[in-house]
Asks: 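Structure incoming, see below.
These numbers come from a predicted model, not from an experiment.
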Amino acid sequence: MIPWVQLDTAKTPDGAQELRLKRRGAEFSIMLGTNELMNSRLSGSEQALAKLSCQKIASHRRPRVLIGGLGMGFTLRAALAELANDAEITVAELVPAVVAWARGPMAEMFGGCLDDPRVTIQETDVGQLIRSKPAAWDAILLDVDNGPEGIVHKGNDALYSLAGLGTARTALKPGGVLAVWSQGPDAGFTRRLKQAGFTIEEVNTRANGKRGARHVIWIATNGLRMANERMP
C-alpha cells in the first residue's frame, strides 16, 4: 500500500490547532488532529451543495454567489459548472495556506478554476463579507468547518447563531438562498433557520454519490423573487 506523505501544515485561525495536508498517490487529505476534514475521493455532498443552490437561482440575472470555504474546491468547481458566464463567484477562505495548497500541490485537481474570470478569492472571514453589504448576494454557500457544530474555528459559531442567520438573510437578495453543509443533522440549527424567517429544505446526501457517510445540506430561501428577475 502506498504510504501517506505529509506535504505541509498550517495553524487554524485561533492558532491553537494544526491543519495537515497529506498525499497518498493521487489522493489528498486535510486533517485536523485525528479528524479528516476532507478527502479528494469524497466530493459528492460538497458538489450537491453547489448544484442544489445554483438550481434555486437559475432564473436570476447576473447572479452573485458567495462561497464560504475553499477546501479542495469541490463546491467551487460544481458551481462553475452550473452557472452561466455572467455569474460572479467570491470565495472566502480564512486560512491562506489552503489557497496556497490549491495553487501548489493540489493545482492539478483544481484544474485552473481559480483563474476562471468569474472567480474572486478573498483571504478573509466569510462572516465579514456577509456583514459588509445588505442584499448583495443571490446565494451564500457555507462549507466552513464541519457545519453548525464547528471544530476548527469557534468563531464560525457566530455564522450559525440566530443573529448570524438574520445577518445572512439581510445579505441575500429577495429570493436568494443560504445553503449550509453539515457533517450530520442538527435539529437546533433547523429550528434557528425557521426562526430567522427562512423557508427551508433539509437534504440528506452521501459523501460520495450513493456511498459514504451521510451528510446534511440545508437550502434556506429568503422570501420572494424580485420582479426584474428572469423567470424560468
Asks: List the steps, then state whether side-chain contact (heavy atoms from CB on, under 4.5 Å) holds for N222 with F198.
Replies: CA-CA 6 Å; N222 177 31; F198 286 104; 4.2 Å; yes
Asks: How many angstroms lie between CG in N204 and OG in S182, if you round to the nearest 0.5 Å?
Replies: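 It is 10.5 Å, given to the nearest 0.5 Å.
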Asks: After noting the C-alpha distance and the side-chain angles of R214 and T205, does the key distance pass the side-chain contact (heavy atoms from CB on, under 4.5 Å) rule?
Replies: CA-CA 6 Å; R214 294 181 182 274; T205 185; over 6 Å; no
Asks: Determine the minimum heavy-atom distance between N39 and W4, stating which atoms define it.
Replies: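 It is ND2-CH2, 4.2 Å.
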Asks: For a quick test of reading the model, state the closest non-hydrogen atom pair linking G127 to L159 and the distance between them.
Replies: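 Minimum heavy-atom separation between G127 and L159: CA-CD2, 3.7 Å.
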Asks: Side-chain contact, heavy-atom cut-off 4.5 Å: K22 with L7?
Replies: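 When only atoms from C-beta onward are counted, L7 and K22 do not touch, as no gap falls below 4.5 Å.
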Asks: Tell me, which pairs form a salt bridge (Lys or Arg N to Asp or Glu O under 4.0 Å) where one or both residues lie in residues 63-82, sequence neighbours left out?
Replies: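 Matches after skipping sequence neighbours: R64-E88.
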Asks: Kindly indicate, with the supporting measurements, whether the criterion side-chain contact (heavy atoms from CB on, under 4.5 Å) is fulfilled by Q122 and V91.
Replies: CA-CA 6 Å; Q122 293 200 27; V91 181; over 6 Å; no
Asks: Side chains of D143 and L141, heavy atoms from C-beta outward: is any pair under 4.5 Å?
Replies: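 No, every pair of side-chain atoms sits at 4.5 Å or beyond.
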Asks: Quick one, K56 with D138, criterion salt bridge (Lys or Arg N to Asp or Glu O under 4.0 Å). Give me CA distance, side-chain angles, the key distance, then yes/no.
Replies: CA-CA 10 Å; K56 285 288 186 181; D138 294 272; over 6 Å; no
Asks: Side-chain heavy atoms under 4.5 angstrom apart, residues restricted to Ile, Leu, Val, Met, Phe, Trp, Tyr: same cluster for V144 and M31?
Replies: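 Not linked; separate clusters.
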Asks: Would you compute the distance between atom CG of L66 and atom CG of L142 and round it to the nearest 0.5 angstrom?
Replies: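 Going from CG on L66 over to CG on L142, the span is 7.5 Å.
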Asks: Nearest 0.5 Å, please: how far is CZ in F28 from CE in M72?
Replies: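 Atom-to-atom, M72:CE and F28:CZ are 7.5 Å apart.
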Asks: Which atoms form the tightest heavy-atom contact between D186 and F189, and what is the distance?
Replies: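 Looking at all heavy atoms of both residues, the shortest contact is OD1-N, 2.9 Å.
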Asks: If you round to the nearest 0.5 Å, how far is OG of S40 from CZ of F74?
Replies: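 OG of S40 is found 6.0 Å from CZ of F74.
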Asks: Donor-acceptor check, side chain of R118 to backbone of L83, threshold 3.5 angstrom: yes or no?
Replies: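 Yes, R118 side chain to L83 backbone: donor-acceptor pair under 3.5 Å.
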Asks: Determine whether I67 and T90 make a side-chain contact, defined as any pair of heavy atoms from C-beta on separated by less than 4.5 Å.
Replies: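 Not in contact.
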Asks: Could you tell me if the side chain of R20 sits less than 4.5 Å from the side chain of I30, heavy atoms only?
Replies: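 No, side chains not in contact.
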Asks: For the residue pair T12 / E18, report whether a side-chain donor-acceptor contact shorter than 3.5 Å exists.
Replies: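 No donor-acceptor contact under 3.5 Å links the two side chains.
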Asks: A side-chain contact here means heavy atoms from C-beta on lying under 4.5 Å apart; do L178 and R169 qualify?
Replies: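 No, their side chains stay 4.5 Å or more apart.
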Asks: Looking at I140 and A171, what are the two nearest heavy atoms and their distance?
Replies: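 The pair with the smallest heavy-atom distance is CD1-CB, 4.1 Å.
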Asks: Is the shortest side-chain heavy-atom distance between I200 and I219 below 4.5 Å?
Replies: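 The answer is no, as the side chains (C-beta and beyond) never meet within the 4.5 Å cut-off.
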Asks: Are V5 and L19 joined in one hydrophobic group, where the rule is that I, L, V, M, F, W and Y side chains link up if heavy atoms are under 4.5 Å apart?
Replies: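 Linked within one cluster.
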Asks: Between W101 and A10, which heavy-atom pair has the shortest distance, and what is it?
Replies: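 Distance-wise, the nearest heavy atoms are CZ2-CB, 4.1 Å.
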Asks: Taking the side chain from N35 and the backbone from L37, do they hold a donor-acceptor pair closer than 3.5 Å?
Replies: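 No; judged by distance alone, with no hydrogens or angles, the pair does not exist.
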Asks: Take atom NZ in K11; do more than 12 heavy atoms of anything else shown fall under 6.0 Å from it?
Replies: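 Yes, the 6.0 Å shell around NZ holds more than 12 heavy atoms from other groups.
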Asks: So does G164 get a backbone contact from the side chain of S161, meaning a donor-acceptor N/O pair under 3.5 Å?
Replies: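 Looks like yes, one N/O pair under 3.5 Å.
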Asks: As an exercise, state the distance from OG1 of T167 to CG of L172, rounded to the nearest 0.5 Å.
Replies: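 That separation rounds to 11.0 Å.
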Asks: With rounding to the nearest 0.5 Å, note down the distance linking SG in C113 to CG in L76.
Replies: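 The SG atom of C113 sits 4.5 Å away from the CG atom of L76.
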Asks: D8 versus P105: any side-chain heavy-atom pair under 4.5 Å?
Replies: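 Of all side-chain heavy-atom pairs linking P105 with D8, none is under 4.5 Å.
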Asks: Does the side-chain contact (heavy atoms from CB on, under 4.5 Å) test come out yes or no for L94 and V126, once each step is laid out?
Replies: CA-CA 8 Å; L94 193 54; V126 67; over 6 Å; no
Asks: Compute whether any side-chain donor of one residue and acceptor of the other, for S29 and E36, lie under 3.5 angstrom apart.
Replies: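 Yes, because at least one side-chain N or O of S29 sits under 3.5 Å from a partner of the opposite role on E36.
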Asks: What I want to find out is whether R62 reaches D86 closely enough, with some N-O distance under 4.0 Å, to be called a salt bridge.
Replies: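 Not counted as a salt bridge, because no side-chain N and carboxylate O are separated by less than 4.0 Å.
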Asks: If I compare all heavy atoms of V216 with all of G184, which pair ends up nearest, and what's the gap?
Replies: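 Taking V216 first and G184 second, the nearest heavy atoms are CG2-C, 3.6 Å.
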Asks: Check for a donor-acceptor pair, side chain of T75 on one end and backbone N or O of Q47 on the other, with a separation under 3.5 Å.
Replies: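 Flag not set: sc T75 to bb Q47 has no pair under 3.5 Å.
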Asks: So, R191 side chain and L193 main chain: donor-acceptor pair closer than 3.5 Å or not?
Replies: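 No: the side chain of R191 does not pair with the backbone of L193.
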Asks: Within the 4.5 Å heavy-atom criterion, are K194 and T190 side-chain neighbours or not?
Replies: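 The answer is yes; the side chains approach within 4.5 Å.
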